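Reading through the structure tokens given below for one structure.
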Amino acid sequence: MGATPEFKRQLREALGEMSVGQTYRFRRTFTDGDVAMFCGVTGDYNPYHQDAEFARESPYGQLTIPGLLTGSMLTHIGGLLGFLATEMSFEYLAPVFVGDTISCTVTVTAKDEERRRVECDAAFVNGDGKNVLRASFAGFPGRVRLAR
């Protein structure tokens, strides 16, 4: 079973709207509720995220946000691009805490028209300007739903 001609047209249009060097940005502040929901859905009950006494004695001195919760900011941008990721890579640089506002900037780094594939890098920065996460991902844009 193959994709319909209309679906293929949408993919071509979405790819055509993306260019190397183009950026997308998203910012959010993480809450206790975000952590509770994420840990509940994923089963990530790591004491660094759940046990305040343990976390106080850790090098960070407080509970930290799960790394993949921070990294999941990419899914907001990817969802607006209708992006189907085929690979992702994360490098965690510094902890993120409840109440931190993180800005994620995605930059298109490569575009392969023949394979209809796009590669991107992402930088995650906290309110103090400190880099907390670096990521890269690749895949296929589907239907851009960003405001134009």
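As the structure is a computational prediction, the values presented were derived from the model and not from experiment.
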Taking every heavy atom of G71 against every heavy atom of F90, the minimum-distance pair comes out as CA-CE2, 3.8 Å

Please give me the minimum heavy-atom distance between F38 and L69, naming the atom from each residue.
CZ-N, 3.6 Å

Beyond-backbone contact of L74 with C104, side-chain heavy atoms, under 4.5 angstrom:
yes

Can you name the nearest heavy-atom pair linking A55 to Y48, along with the distance?
CB-O, 4.2 Å

Validation row: Y92, L68 side chains within 4.5 angstrom (heavy atoms):
yes

Interatomic distance, N46 atom CG to D51 atom CG [nearest 0.5 angstrom]:
10.0 Å

Does atom CD of E53 have more than 12 heavy-atom neighbours from other groups under 6.0 Å away?
no

Please tell me whether F137 and F83 form a close aromatic pair, meaning their ring centres lie under 6.0 Å apart.
yes

Apply the test side chain to side chain contact (heavy atoms under 4.5 Å, CB included) to residues F124 and M73: give CA-CA distance (whole Å), side-chain angles for both, the deciding distance (0.1 Å), then the verdict.
CA-CA 9 Å; F124 298 73; M73 291 175 70; 3.9 Å; yes

When you measure from the side chain of N126 to the backbone of K130, do you find a donor-acceptor pair of N or O atoms at a distance under 3.5 Å?
yes

Here the pair of heavy atoms bringing V106 nearest to C120 is CG1-CB, 3.8 Å

Any side-chain heavy atom of T86 within less than 4.5 Å of one from F140?
yes

Shared hydrophobic cluster, L84 / I77 (ILVMFWY, side-chain heavy atoms < 4.5 Å)
no

T107 side chain to T109 backbone, donor-acceptor under 3.5 Å
no

Which residue in the set D34, T64, T29, V35 passes side chain to side chain contact (heavy atoms under 4.5 Å, CB included) when paired with V98?
V35

Hey, are the side chains of T70 and S72 touching, using non-hydrogen atoms and a 4.5 Å cut-off?
no

Taking the side chain from K111 and the backbone from M18, do they hold a donor-acceptor pair closer than 3.5 Å?
yes

Taking all heavy atoms of S136 and all of D121, pick out the closest pair and write down the distance.
CB-OD1, 3.5 Å

Side chains of H76 and Y24: does their closest heavy-atom pair fall under 4.5 Å?
no

R28, CZ atom: more than 12 neighbouring heavy atoms under 6.0 Å
yes

Would you mind reporting whether R56 and Q62 have side-chain heavy atoms less than 4.5 Å apart?
no

Using the rule given for side chain to side chain contact (heavy atoms under 4.5 Å, CB included), can you reason through R27 versus T101, listing the C-alpha separation, both sets of side-chain angles and the distance that settles it, and then say yes or no?
CA-CA 7 Å; R27 182 178 63 220; T101 298; 3.3 Å; yes

With the side chain counted from C-beta on, respond yes when H49 and L63 share a heavy-atom pair under 4.5 Å apart, and no when they do not.
no

Does L93 reach the side chain of L133, with side-chain heavy atoms less than 4.5 Å apart?
no

Do the side chain of Q22 and the main chain of S19 share a donor and acceptor less than 3.5 angstrom apart?
yes

Quick check on Y60: does its OH atom have over 12 non-hydrogen neighbours (other residues, nucleotides or ligands) under 6.0 Å away?
no

